[in-house]
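Each remark here refers to the structure printed beneath this line.
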Amino acid sequence: FASHKLRGAAMACATLPGIRMFHEGQFEGRQMRVPVQLIRQPPEAPDETLRDFYRRLVALAATPTLQRGHFSMVDVRAPSSATNESHAGLVAWAWWLSGVPCFIVLNQSDRRAHGRLQIEPNEDCPMKLRFTDPFSLQTQLVSAHELHAHGLPVELEARQGRVFAG
């Protein structure tokens with residue numbers, strides 16, 4: 001994968017249900033694939049930015065929400081002001097634990113996409129939710145009423161992903 005496509009694919013592999021498998025050297029961004037039988041690899045300088053991304057991704061995958069939570073797909077709709085169909089390139093899913101969600105959204109298209117995550121009401125959901133993206137460290141405070149009534153707005157560049165961890 002090209003670098004810009006790699007992160008979205010890795011985000012999907014690490015946060016969708018199922019076993020999480022990574023290739024040896026993937027976290028460091030190794031370009032040379034060496035058969036396991038050879039044991040040794042030629043020296044390659046690690047990609048520190050990619051290593052940091054994987055460190056955060058593995059930490060996210062190890063959270064109680066993703067380990068013991070309930071998984072569900074999330075419907076993505078066009079924003080009310082949208083005049084295009086860019087939301088069709090967005091795919092989203094959620095993990096719920098004790099009424100608190102973690103949403104993962106990926107833009108699988110080759111262009112910028114806008115959408116709204118349609119969230120089903122959850123009676124255990126707190127009145128206010130504080131979402132943090134473990135990659136950008138951006139924090140967003142959202143009321144449960146706003147979340148259920150209007151959805152969660154999302155805008156992503158091509159092949160990018162975003163996490164809303166509650």
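Just so you know, residue 1 is the first one in the sequence shown, and it goes up from there. Since the structure is predicted, the reported quantities are computational estimates derived from the model, not experimental observations.
- A donor-acceptor contact shorter than 3.5 Å links the side chain of Ser136 to the backbone of Gln138.
- The backbone N or O of Arg111 lies less than 3.5 Å from a partner atom in the side chain of Ser109, making a donor-acceptor pair.
- Across all non-hydrogen atoms, the minimal contact from Ala92 to Val105 is CB-CG2, 4.1 Å.
- Of the inter-residue distances, the one linking Trp96 atom CH2 with Ile119 atom CD1 reads 6.5 Å to the nearest 0.5 angstrom.
- Within the model, atoms CG of Leu90 and CG of Asn107 stand 5.0 Å from one another, a figure rounded to the nearest 0.5 Å.
- Rounding to the nearest 0.5 Å places CG of Leu60 at 11.0 Å from CH2 of Trp95.
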Step-by-step side-chain contact (heavy atoms from CB on, under 4.5 Å) determination, Arg159 to Glu157 | CA-CA 6 Å; Arg159 304 289 176 184; Glu157 295 296 329; over 6 Å; no

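- Seen from the ring of Phe164, Arg162 counts as a face-on cation partner, given the 6.0 Å and 45° thresholds.
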So Leu6 and Leu50, side-chain contact (heavy atoms from CB on, under 4.5 Å) or not? Walk me through it.
-> CA-CA 10 Å; Leu6 171 77; Leu50 191 60; 3.5 Å; yes

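- The hydrophobic clustering, which links ILVMFWY residues whose side-chain heavy atoms are closer than 4.5 Å, places Met73 and Val163 together.
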Give the C-alpha distance, both sets of side-chain angles, the deciding distance and a yes or no for side-chain contact (heavy atoms from CB on, under 4.5 Å) between Leu141 and Lys128.
-> CA-CA 7 Å; Leu141 190 63; Lys128 294 253 183 217; 4.3 Å; yes

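- Proximity of Met11 to Ile104: side-chain heavy atoms (C-beta onward) are separated by under 4.5 Å at one or more points.
- If you chain together hydrophobic residues whose side chains sit under 4.5 Å apart, Leu97 and Leu16 never meet in one group.
- Gln118 has its side chain out of reach of Val74: every pair of non-hydrogen atoms, C-beta onward, lies at least 4.5 Å apart.
- In terms of heavy atoms, Phe103 sits closest to Ala94 at CD2-CB, 3.5 Å.
- The two atoms that bring Thr65 and Val100 nearest to each other are CG2-O, 4.4 Å, heavy atoms only.
- Atom CG of residue Leu117 and atom CG of residue Asp75 lie 9.0 Å apart, to the nearest 0.5 angstrom.
- Defined by atom type and a distance below 3.5 Å, a donor-acceptor pair is present between the side-chain atoms of Thr15 and Trp93.
- Side-chain contact between Arg7 and Phe53 is present, with heavy atoms from C-beta onward closer than 4.5 Å.
- Surrounding CZ of Arg51 are more than 12 heavy atoms belonging to other residues, nucleotides or ligands, all under 6.0 Å away.
- Heavy atoms only, all atoms of each residue included: Pro101 and Leu129 are closest at CD-CD2, 3.9 Å.
- When all heavy atoms of His87 and Arg77 are compared, the closest pair comes out as CD2-C, 3.6 Å.
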Decide yes or no on side-chain contact (heavy atoms from CB on, under 4.5 Å) for Val142 and Leu152, but give the supporting numbers first.
-> CA-CA 8 Å; Val142 179; Leu152 184 62; 4.1 Å; yes

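- Nearest heavy-atom pair, Leu57 versus Ala10, reported as atom, atom and distance to 0.1 Å: CD2-O, 3.5 Å.
- Under the 3.5 Å distance criterion, the side-chain polar atoms of Arg116 are matched with a main-chain donor or acceptor of Gly151.
- From His70, atom NE2 reaches atom OG of Ser98 across 13.0 Å, with rounding to the nearest 0.5 Å.
- With rounding to the nearest 0.5 angstrom, the CZ atom of Arg56 is 4.5 Å from the CG atom of Leu137.
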